[in-house]
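Below: one structure, written as structure tokens.
Below, chains carry the letters A, B, ... as their sequence lines are ordered, and counting in each starts from 1.
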Amino acid sequence: MFSAIFGSVEQGFIYALMALGVYLTFRVLDFPDLTVDGSFVTGAGTAAAMIVLGYHPAIATVVAILAGFLAGCMTGLLHTKGKINPLLSGILMMIALYSINLRIMGFTVENSVGRPNIPLMNSETLFSQFYSWWGSLGIDESINGFLTSLGIQYVPKTWGTVLIVAILIIIIKLVFDWFLKTEVGLAIRATGDNKKMIRSFSANTDILVILGLGLSNALVAFSGALIAQYTKAADIGLGIGMIVIGLASVIIGEAIFGTKTIVRTTLAVIAGAIIYRIVLALALRVEIMDPGDMKLITAVIVIIALILPQYFEKRREKSRKVKRHALRESKRLIKSKESENLA
Amino acid sequence: MLKINNINKIFNEGTADEKIALDQINLHLNIGDFVTVIGSNGAGKSTMLNMVSGALSPDFGQIMIDGNDVTKLPEFKRSRFIGRVFQDPMSGTAPTMTIEENLAIAYSRNKKRSLKVGVDKQRKEFFLHSLESLHLNLENRLNAKVGLLSGGERQALSLLMATFTKPSILLLDEHTAALDPSRAELITNLTEKLVKKDNLTTLMVTHNMQQALDLGNRLIMMDKGQIILEVEEKEKKNLTIEKLMEEFQRIRGEKFTSDRALLTS
Ligand SMILES: Nc1ncnc2c1ncn2[C@@H]1O[C@H](COP(=O)(O)OP(=O)(O)OP(=O)(O)O)[C@@H](O)[C@H]1O
Ligand SMILES: [Mg+2]
């Protein structure tokens, strides 16, 4: 139980990168981009293929991010230059990426052009390299020794993963927040808000949409590259329903933590990604659930996350009304008392 | 400054809906000219402004700004030196962004947008000062989302955003039409003040005859895609609504009709 939740938090931080990407398109740019299902695997496949081919995992990850960026730009080009509707542009790119991803992973084999999965069991990854350094510090032993001395039975194998992914996502979040406040960032936000307005202030909305989609899918591919290294495998089916998971994270986060400012919303999205993973892990522990039910559970979580806030909002509105009513009543009471006293 | 040469525009050419929106339009504005544009509904006033801004391109003809032919320049490039305020208060601002962020977007219209933070200390000072000149107390709400402002406040903000980079041309398309009379008057006064301050070359469409007479140094009247009357600086000073009406009747042989024309102020 504990280890399942701990693992969800680790993964949640990594998937949060993808969720930030989805937030950038769906919310900031107001562009429902479905490229994500494909570009996530592009990230995972590119990183895995390059690692297997002997490249340093850091280089493999950087190239994976660039590949995601390109994929997003292609979707942007389809929409802005090809005048194809946003949803369709994303779907077209997603389906095209399926074949492209097979070919990318196929670079690792000689006797065929495509390959549906790459195991990384015995390969160096960013995580394995990090562990060999982290393990030498002996921090896990001291923390866990301390915890067991307190009588806590379930301790994780390592604290290193959660720490490093948390640091990574915090850095990315800070850069993300900063970017959305720069002149270019402001223009991207305005593009999602009011295209007519931003065009009248000399911004090329086509370029901004392409750039936004590129950056979003770069984040998604980054997330995919890390997941492949974390789970030690890349698979062509990894991306199925990824967009829904991203949306789930955004919606859950926004519903719980609000959207008052950008800084707060990006934090909410990251928290949403982690909460989603935990809920999913808990749901899968129910006896009758099978790992194959994961997508169904995802859909149910998103549906709940969409409906529940409406319900809460209604209740909040009602309690506000009751409060205001009570306030008015008490004021009236005080007034009538005062006039009685005067009389 | 601005030269509109022989502009033609036909919508839906060759179909049953064919509409000649602009028919051989010629108009020259000198630096500092403030031309008010009146005319019945569908006369082609908005279309003419859209030709200048680049939102639409003419079938034939040429647009020159500052001596450069801009006919083929896309809208977003032209808007470096063209300020615009639209009729709909929603159109000119980004509602989910704050007042200062909106101002920052307007501020970088004539510069290359970079990875510099949009609202830094120095700019904030400048935004504060500019907002103070509106006397709407917006300077105390720099971090309020623009979506929360009233229509009049938004239009005032749009006007400021359109003008504070001193554009070569300012285009106003019925920018007070969606406001109640007192707000409209506020924006009208503000327009006069801001245009005068930087001596901006301005083209303003209005359905309010009095406004058209009060503001600007020249006036044109459009009908059915043509400029049917041009009033120059000297004559405009003694012009009245009655005279304008008579003039229209004389030229067109029919009564001036416009369901939105405000004959009184
Ligand atoms: N995009 C378009 N497609 C087809 N017809 C158009 C288009 N834009 C304008 N028109 C037509 O061109 C003519 C001129 O329109 P325009 O908007 O310039 O008039 P206007 O003088 O601004 O009128 P109003 O006072 O009502 O705003 C109208 O008959 C209009 O129906
Ligand atoms: Mg019009």
For this session: Look up atom CD1 in Ile207(A) and atom CZ in Arg113(B), then write down how far apart they are to the nearest 0.5 Å.
Result: 13.0 Å
Problem set entry | Option that, when pairs with chain B are counted at under 4.5 Å, heavy atom only, ranks first among Ala190(A), Ser200(A), Ala203(A) | Ser200(A)
Seminar exercise, completed: In terms of heavy-atom pairs under 4.5 Å with chain B, the winner among Val184(A), Asn204(A), Asn194(A) is Asn204(A)
Exercise. For the residue pair Leu186(A) and Glu101(B), what are the closest heavy atoms and their distance?
Worked result: CD2-CG, 3.7 Å
For this session: Flag yes if more than 12 heavy atoms outside Glu317(A) fall under 6.0 Å of its CD atom; otherwise flag no.
Result: yes
Problem set entry | Heavy-atom proximity to chain B below 4.5 Å, by part of Ile262(A) | neither
Problem set entry | Which portion of Thr191(A) sits near chain B, non-hydrogen atoms under 4.5 angstrom | neither
Problem set entry | Structural part of Lys145(B) lying under 4.5 Å from a heavy atom of chain A | side chain
Seminar exercise, completed: Whatever's closer than 4.5 Å to a heavy atom in chain A on Arg84(B) counts as side chain
Exercise. Heavy-atom count around Arg315(A) CZ within 6.0 Å, excluding the residue itself: above 12?
Worked result: no
For this session: For atom CZ of Phe312(A), decide whether the heavy atoms of other residues, nucleotides or ligands shown that lie under 6.0 angstrom number more than 12.
Result: no
Problem set entry | Arg78(B) side, atom CZ; Ser202(A) side, atom OG - distance, nearest 0.5 Å | 13.5 Å
Seminar exercise, completed: Okay, Met161(B) and chain A: the region with an atom under 4.5 Å from a heavy atom over there is both
For this session: Tell me, with the steps shown, if Trp178(A) and Leu115(B) meet side chain to side chain contact (heavy atoms under 4.5 Å, CB included).
Result: CA-CA 9 Å; Trp178(A) 162 82; Leu115(B) 290 179; 4.0 Å; yes
For this session: Quick one: which of Glu75(B), Lys111(B), Lys77(B), Met90(B) has the most heavy-atom pairs under 4.5 Å with chain A, could you say?
Result: Glu75(B)
Exercise. Yes or no on side chain to side chain contact (heavy atoms under 4.5 Å, CB included) for Thr96(B) and Arg189(A), after CA distance, side-chain angles and deciding distance?
Worked result: CA-CA 9 Å; Thr96(B) 71; Arg189(A) 284 165 61 196; 5.9 Å; no
Seminar exercise, completed: What one should report as the nearest heavy-atom pair of Ser91(B) and Lys196(A) is OG-NZ, 3.8 Å
For this session: Check the surroundings of atom NZ in Lys193(B): do more than 12 heavy atoms from other residues, nucleotides or ligands lie under 6.0 Å from it?
Result: yes
Problem set entry | Heavy-atom pairs under 4.5 Å with chain A, option from Gly118(B), Ala55(B), Ala104(B) with the top count | Gly118(B)
For this session: Would you mind checking which part of Phe81(B) comes under 4.5 Å of any heavy atom in chain A, side chain (CB onward), backbone (N, CA, C, O), both or neither?
Result: neither
Exercise. Sub-3.5 Å donor-acceptor pair from the side chain of Glu183(A) to the main-chain atoms of Lys116(B), do we have one?
Worked result: no
For this session: Can you tell which part of Thr93(B) gets under 4.5 Å to a heavy atom of chain A, answering side chain, backbone, both or neither?
Result: backbone
Exercise. Under 6.0 Å from the NZ atom of Lys173(A), do we count more than 12 heavy atoms belonging to anything else shown?
Worked result: yes
Exercise. Would you say Lys314(A) has more than 12 foreign heavy atoms packed within less than 6.0 Å of its NZ?
Worked result: no
